Amino acid sequence: MSPSADRPVRVRIAPSPTGDPHVGTAYIALFNLVFARQQGGTFVLRIEDTDQSRARADSEQMIYDALRWVGLSWDEGPDVGGPFGPYRQSERKDIYRQHADLLLARGEAYRCFCTADRLAQVRAEQQARKASFLGYDRHCRGLDRAEADRRSAEGEVHVVRLAAPLDGKVVVEDRLRGTVEFDVHQIDDQVLLKSDGMPTYHLANVVDDHLMEITHVIRAEEWISSTPKHVLLYKAFGWQEPAWHHMPLLRNVDKSKISKRKNPVSINYYRDAGFLPHALLNFLALMGWSFGDDREKFTLDEMVGAFSWDKVSLGGPVFDLDKLTWLNEKYVHDLSYEQLVDALLGWRLSRQHLIKVMPLVRERIKRLDEFVPLTEYFFSGDLDYTAVAGELSVPDVAPAGVAQGLLALVEKLEAREGWDAKVLEEEGRAWATELGWKTKHAFMLLRLVVTARKASPPLFDTMAVLGKEVTRRRLRQAAELLARKA
RNA sequence: GGCCCCAUAGUCUAGCGGUCUAGGACGUCGCCCUCUCACGGCGAAAACAAGGGUUCAAGUCCCUUUGGGGUCACCA
């Protein structure tokens, strides 16, 4: 019965390198790793980079660094290799194509020549008449196969879609939630191969999981509604399904799915804000899992020893920074003085970081004793704006407008790859222009937000050294403060 | 809106039919310790979403409602 009883346990995480390393990735990675370790299994890291338009050059490395920083490591992956490689989906294009061809040959899939415009029209029409089902209308499903193959051979742009069954139910056996049934009428003919030849998540995920002999899929709850599509794919291929486990989603304070707009979400933020990696990891474990007794502080090894699925709770846990801070305090207090010193030296007091700060302050100090008071904001997380609250403003702009402006800058910086003084200045100037704010005023505002002082080293150099996460957090915090005032 | 998931205090959770006048933790408040602050110690307020069943017995099982969330892409 168990799809894995006879096979060695293999699990995976499959992050997509589209941005900053996400706490949710670490969260899911933790549960995968713990389960693998407990079962004497293997934990695989696979990079899902099939969307060229969203891929970011530095993102993949940041994922590795961030996961290692929290203390998670994998047995197989693009950077460490392994017998089931390549572990980067962009390097497996041929494999997906072959599998799509296989499905095509079996009549389990078909070519679709519909244009993006037509698809958009269909969707708009469905929405307009408030159709209960939104999805592809199977326009190309009836096409003659030989004819479709000919058009394809002639180079006509098209995608490959799964020919989902027209009737019946798809059953997902979730090990955390039990049997979940989906009516097949809710599932449309999912695209498997995009017109650029890259697979969609659905195809790549199923093909890779099978080829990499993944026995247990442990992923976030947001995937549960696409699981029937995956089940259908396993059936179409005639493969054995993995055991499904859908973990609850981390939440913002308002209970929505955790997002960078409402909560620091990058692992790098937690690092830069002075959280200890083991504390973060321990905290993530607490989000959805409990030790069994009242223990809240425990190591990875202890968790591995005590882990079981029935101690996972399914309500979406709110990521509570206060409780994380409390846990972090426990970890800090458990360090010896020497260890704490090392922790600091590995953090913002590292030689590496101080060397970045120095060009900004050397000209501004006359004696060494001035360094610490002058540079405090380089070593802080959140700032206290009470002393400058009155000056946190732009002439003739209401506080709410200033808040909005700050958030607009956050969005702007988000959209731009790279974080150095040059990029920041470009974006900063464009931002001020767009808002119609004099740079003098706009930049003083930013200076106050970022340093809580009226005098500082050059603004954009300061932001560059501060780093993306801390800067972003301060912009948001200040915006929130101003919005409250309004 | 269709489908799906979820439901114990503001938050994270224990509870797997009787031992629950519901336990722990964060946060909040009070007291103690104390040269200050912090730590620490002690204590307080604070929850089984609602309504129906099943049962001798329901926070625990079932149904409905309500609420929250997710998802409906050539993104993952």
Side-chain angles (χ1 to χ4, degrees), chain A residues 14-19 22 24-25 46-55 89 112-116 119-120 122-123 126-127 129-136 157-161 169-170 172 174 176-205 219-229 246-258 283-297 310-330 332-333:
Chain A
S16 149
T18 50
H22 200 281
T25 305
R46 182 172 72 219
I47 294 289
E48 306 235 340
D49 55 350
T50 55
D51 184 356
Q52 322 124 301
S53 61
R54 293 208 313 165
Q89 291 188 330
C112 167
F113 299 88
C114 290
T115 61
L119 262 23
V122 169
R123 199 171 309 125
Q126 286 169 339
Q127 271 160 355
R129 64 160 216 272
K130 298 196 167 163
S132 62
F133 173 74
L134 305 175
Y136 181 55
V157 173
H158 68 284
V159 302
V160 174
R161 287 182 185 272
K169 290 189 182 306
V170 185
V172 174
D174 186 282
L176 258 20
R177 294 153 203 274
T179 303
V180 185
E181 283 193 358
F182 295 84
D183 194 298
V184 111
H185 300 290
Q186 291 300 321
I187 303 166
D188 72 348
D189 288 352
Q190 200 58 45
V191 171
L192 301 178
L193 216 55
K194 303 185 245 182
S195 56
D196 64 359
M198 280 293 204
T200 57
Y201 170 81
H202 305 293
L203 208 222
N205 168 66
R219 61 185 2 170
E221 185 183 355
E222 57 186 326
W223 292 109
I224 201 163
S225 43
S226 45
T227 306
K229 295 168 185 173
H246 290 94
M247 294 291 295
L249 241 26
L250 261 21
R251 309 295 184 97
N252 297 312
V253 176
D254 67 3
K255 302 274 192 179
S256 57
K257 173 166 91 166
I258 197 166
F283 180 69
L284 288 173
L286 252 22
M287 301 273 87
W289 185 77
S290 58
F291 207 94
D293 54 20
D294 289 326
R295 213 172 339 168
E296 297 200 286
K297 182 171 181 289
D310 58 17
K311 280 183 279 184
V312 171
S313 47
L314 300 176
V318 171
F319 194 98
D320 180 6
L321 278 169
D322 282 338
K323 185 144 184 179
L324 169 59
T325 302
W326 164 79
L327 229 205
N328 200 67
E329 176 188 38
K330 295 286 180 202
V332 168
H333 292 182

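Residue numbers start from 1 in every chain, and the chains themselves are labelled A, B, ... in the order their sequence lines are given, proteins ahead of strands. Since the structure is predicted, the reported quantities are computational estimates derived from the model, not experimental observations.
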Within 45° cone of A:Phe319 ring axis and under 6.0 Å: A:Arg251 NZ or CZ = no

[atom1] atoms of [N] and [M], separation to the nearest Å:
| N | M | atom1 | value |
| --- | --- | --- | --- |
| B:rG53 | B:rA58 | P | 12 Å |
| B:rA14 | B:rU8 | P | 10 Å |
| B:rA7 | B:rC16 | P | 16 Å |
| B:rA45 | B:rC31 | C1' | 15 Å |

State the pairing partner of [N]; accept Watson-Crick or G-U wobble contacts with both distances under 3.5 Å, and report none otherwise.
| N | value |
| --- | --- |
| B:rG59 | none |
| B:rU21 | none |
| B:rC35 | none |

When the ring centroid of A:Tyr201 is compared with that of A:Trp223, is the distance short of 6.0 Å?
-> yes

Counting side-chain heavy atoms from CB outward, which of B:rC6, B:rC12, B:rC3 is closest to A:Leu314?
-> B:rC6

What is the distance, rounded to the nearest whole Å, between atom CG of A:Asn328 and atom P of B:rC39?
-> 14 Å

Atom-to-atom span, CG of A:Leu286 to P of B:rU11 - whole angstrom = 16 Å

How does protein contact run along nucleotides 22-28 of chain B, one letter per nucleotide 5' to 3', with B for base contact, S for sugar-phosphate only, - for none, heavy atoms under 4.0 Å?
-> -BBBS--

Protein-to-nucleotide contact annotation, 5' to 3' order, nucleotides 69-76 of chain B [B base; S sugar-phosphate only; - none; under 4.0 Å, heavy atom] = SSSSSBBB

With the threshold set at 4.0 Å, does a side-chain nitrogen-carboxylate oxygen contact exist between A:Lys194 and A:Asp196?
-> no

Which part of the nucleic acid does A:Met287 contact within heavy-atom distance under 4.0 Å: base, sugar-phosphate only, or nothing?
-> sugar-phosphate

Indicate yes or no for a side-chain donor-acceptor contact from A:Arg123 to the backbone of A:Leu134 under 3.5 Å, with no hydrogens or angles considered.
-> no

